[in-house]
Amino acid sequence: MTWSCAARYHEIDVKGLTDIPGILVGHASDYDGLTGCTVVLCEAGAVAGGDIRGSATGTEEWDVLNPMHITDKIHGVAFAGRSAFGLEVASGVRRFLEHKGIGFAYGGTHIPIVPAAILFDLAVGKPSIRPTRELGESAAAAASDKAVVEGAVGAGTGATVGKFYGIKQAMKSGIGSFTIELGGAFAGAKVSALAAVNAFGDVRDPATGKIVAGTRRAANSSEFADTSKLMKTGSPGASPSNTTLVVVATNAALSKVEATKLAQFGSLGVARAIDPVNTTLDGDLVVGLSLGDKKVPIDSLGVAAAEAVVQAILRAVRLAPTLGGVPGLFSK
C-alpha cells in the first residue's frame, strides 16, 4: 500500500454531481489550517429532502427539507469543516446568491435558502483556523458545472476515517463524487452523489467486503485493525472527529416526499460503505435533490442512489493523499 502523494486532490474524467443539469459545485480550502467548505448550488431551485442517521449532527436550516415545511425549493447546500464554527460559511453562500438575484423575491431583495451541515475536523491542522463567511462566498463564486474536484479539497480538506484509536491511527479521506446513469425505459435519467467522508468507522468496498481505509493497528502500520471487531472487544478512545455528509441528486422530477425518500435511499449507500456507521460519534446525513423532468419511479432511483453513494465514498478515500501527517491512499 502506497500512501505518499504530492497532489492534494484529483480531477476526474467524468463530472460527478455536476452531471445533473442545473447543479454547480465549488470548493474553498485552507491548506494552512487544513479545513474548508464545499458548496452545491442549484440557482434555479431544487426540490429537496433530507435524512439524518447519525447522532452528532451540526446543521442550519435543516427543517426546510421536511416535507411539511412550506419551502418548496432550495438554492444551495453548504458543507464545511471545523464543527459548529463552520456553519458560518452558509451566510457567505446566501450573500453570494442574493447579490445574483437568486432566491425568493421579497421587498426588493431575494432570500436564498441554503441548508448547511458540518463535519468535525478539529483534530487535524490548526483548529483555530476555521471556514468563514468569506470562505463560503469564495466557494460559491468558484462553483461551476465542470467535473467535480475530488480528494482533500473543500469540506474534505481535513477529513479522515478510522478513528477508534484517534487521529494517530486514522487515514486520510476527502471528497468523492459519482454518477449512475439508468437505462432501458429510463434512459437519460441520472442519479449522482457527492460525499464528504469523515467517518469514525472504516470504509469497506461492498463488492469485496474488504477494508479500503480505516483504523490502523499502530501509528506506523499499514495493517487495518477492523473497527467493528474492536468495538465488540473494548471502548473507543475519545474521538468526536467524525461525520459523513452526502448530497444525492437526480434529473428526475420528484416531490418533497420523494426527495426525502431519495435521501433515505442514499443513506443505505452510506451504510454499505462505512462500518460501523451512524454511531453516536457521527453526524451522518444525506440531502436529496431533484432538478429535472424525467419520469422514473422513486424505487428505481433509490437503487441508483445507494450505488452512487457507495462509489462516491470509495472515491473519497481512494483519491485522498497523505496530508497533515495522516496517511492517504492516493499517489499521483
Side-chain angles (χ1 to χ4, degrees), residues 12 14-25 38-42 45-54 57 59 62 64-67 73-79 114-117 119 148 150 154-156 175-182 186 189-199 203 206 243-274 277-278 283-292 294 296-316:
I12 57 175
V14 294
K15 293 175 69 174
L17 195 68
T18 51
D19 281 319
I20 307 301
I23 283 187
L24 309 177
V25 175
T38 295
V39 172
V40 176
L41 299 183
C42 26
V47 177
D51 185 50
I52 291 177
R53 299 293 174 101
T57 54
T59 62
W62 185 261
V64 300
L65 305 176
N66 189 320
K73 290 185 177 181
I74 68 171
H75 306 97
V77 177
F79 290 160
V114 184
L119 53 82
V148 175
E150 300 173 279
I175 296 286
S177 192
F178 195 80
T179 301
I180 299 289
E181 188 160 358
L182 284 71
F186 308 137
K190 299 177 182 179
V191 180
S192 188
L194 178 149
V197 182
N198 189 53
V203 173
T243 293
T244 295
L245 309 174
V246 177
V247 171
V248 59
T250 181
N251 62 346
L254 300 177
S255 65
K256 282 190 75 172
V257 171
E258 291 171 323
T260 301
K261 188 65 179 177
L262 185 72
Q264 293 173 352
F265 279 123
S267 290
L268 296 180
V270 178
R272 290 175 189 172
I274 297 174
V277 70
N278 305 155
D284 304 334
L285 58 79
V286 179
V287 177
L289 300 177
S290 167
L291 304 87
K294 302 291 183 184
V296 183
I298 184 59
D299 290 332
S300 296
L301 294 171
V303 172
E307 291 180 4
V309 171
V310 166
Q311 295 304 318
I313 291 172
L314 290 173
R315 293 182 71 86

Using a 3.5 Å cut-off and no angle test, enumerate the donor-acceptor pairs between side-chain atoms of residues 189-196 and protein atoms at least two apart in sequence or in another chain.
unit_1 : atom_1 : unit_2 : atom_2 : d
Ser192 : OG     : Gly16  : O      : 3.0
Ser192 : OG     : Leu17  : N      : 3.1
Ser192 : OG     : Phe178 : O      : 3.1
Ser192 : OG     : Thr179 : OG1    : 2.8

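- Side-chain contact between Leu289 and Ile74: present, with at least one pair of heavy atoms (C-beta onward) separated by less than 4.5 Å.
- To the nearest 0.5 angstrom, Ile23 atom CD1 is 8.5 Å from Thr18 atom OG1.
- Val25 places a side-chain heavy atom less than 4.5 Å from the side chain of Thr38.
- In this structure, Ile175 CD1 and Asn198 CG are separated by 10.0 Å, a value rounded to the nearest 0.5 Å.
- Nearest heavy atom pair, residue Phe265 against residue Ala306, reads O-CB, 3.7 Å.
- Closest heavy-atom contact between Ala316 and Val197: CB-CG2, 3.5 Å.
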When you look at Trp62 and Ile52, which way does the side chain to side chain contact (heavy atoms under 4.5 Å, CB included) test go after all the steps? CA-CA 10 Å; Trp62 185 261; Ile52 291 177; 3.5 Å; yes
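- Shortest non-hydrogen contact noted between Val309 and Gly269 is CG1-C, 3.8 Å.
- In this structure, CD1 on Ile313 lies 4.0 Å from CD1 on Ile274, to the nearest 0.5 angstrom.
- Residues Ala48 and Ala259 approach most closely at C-CB, 3.7 Å, considering heavy atoms.
- Residues Val246 and Val270 approach most closely at CG2-CG2, 4.0 Å, considering heavy atoms.
- The shortest distance between side-chain heavy atoms of Leu285 and Leu245 falls below 4.5 Å.
- Put simply, the side chain of Val310 reaches to within 4.5 Å of the side chain of Leu314, judged on heavy atoms.
- Between Val247 and Phe79, the closest side-chain pair of non-hydrogen atoms falls below 4.5 Å.
- Side-chain contact between Leu65 and Pro115: present, with at least one pair of heavy atoms (C-beta onward) separated by less than 4.5 Å.
- Taking CZ of Arg53 as the reference point, atom CG of Asp284 lies at 10.0 Å (rounded to 0.5 Å).
- No donor-acceptor distance shorter than 3.5 angstrom exists from the side chain of Lys256 to the backbone of Gly49, with no hydrogens or angles considered.
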Apply side chain to side chain contact (heavy atoms under 4.5 Å, CB included) to the pair Thr260 and Gln264, showing each step before the final yes or no. CA-CA 6 Å; Thr260 301; Gln264 293 173 352; 4.0 Å; yes
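- Separation of atoms CG (Asp51) and CG (Leu268) is listed at 8.5 Å; rounding is to 0.5 Å.
- Put simply, the side chain of Leu254 reaches to within 4.5 Å of the side chain of Leu301, judged on heavy atoms.
- The heavy-atom pair separating Gly288 from Leu262 by the smallest distance is CA-CD2, 4.4 Å.
- In this structure, Gln311 contributes its side chain and Ala308 its backbone to no donor-acceptor pair below 3.5 Å.
- For the atom pair Glu181 CD and Asp19 CG, the distance stands at 8.0 Å (nearest 0.5 Å).
- Under a 3.5 Å cut-off, the side chain of Ser290 and the backbone N or O of Ala252 do form a donor-acceptor pair.
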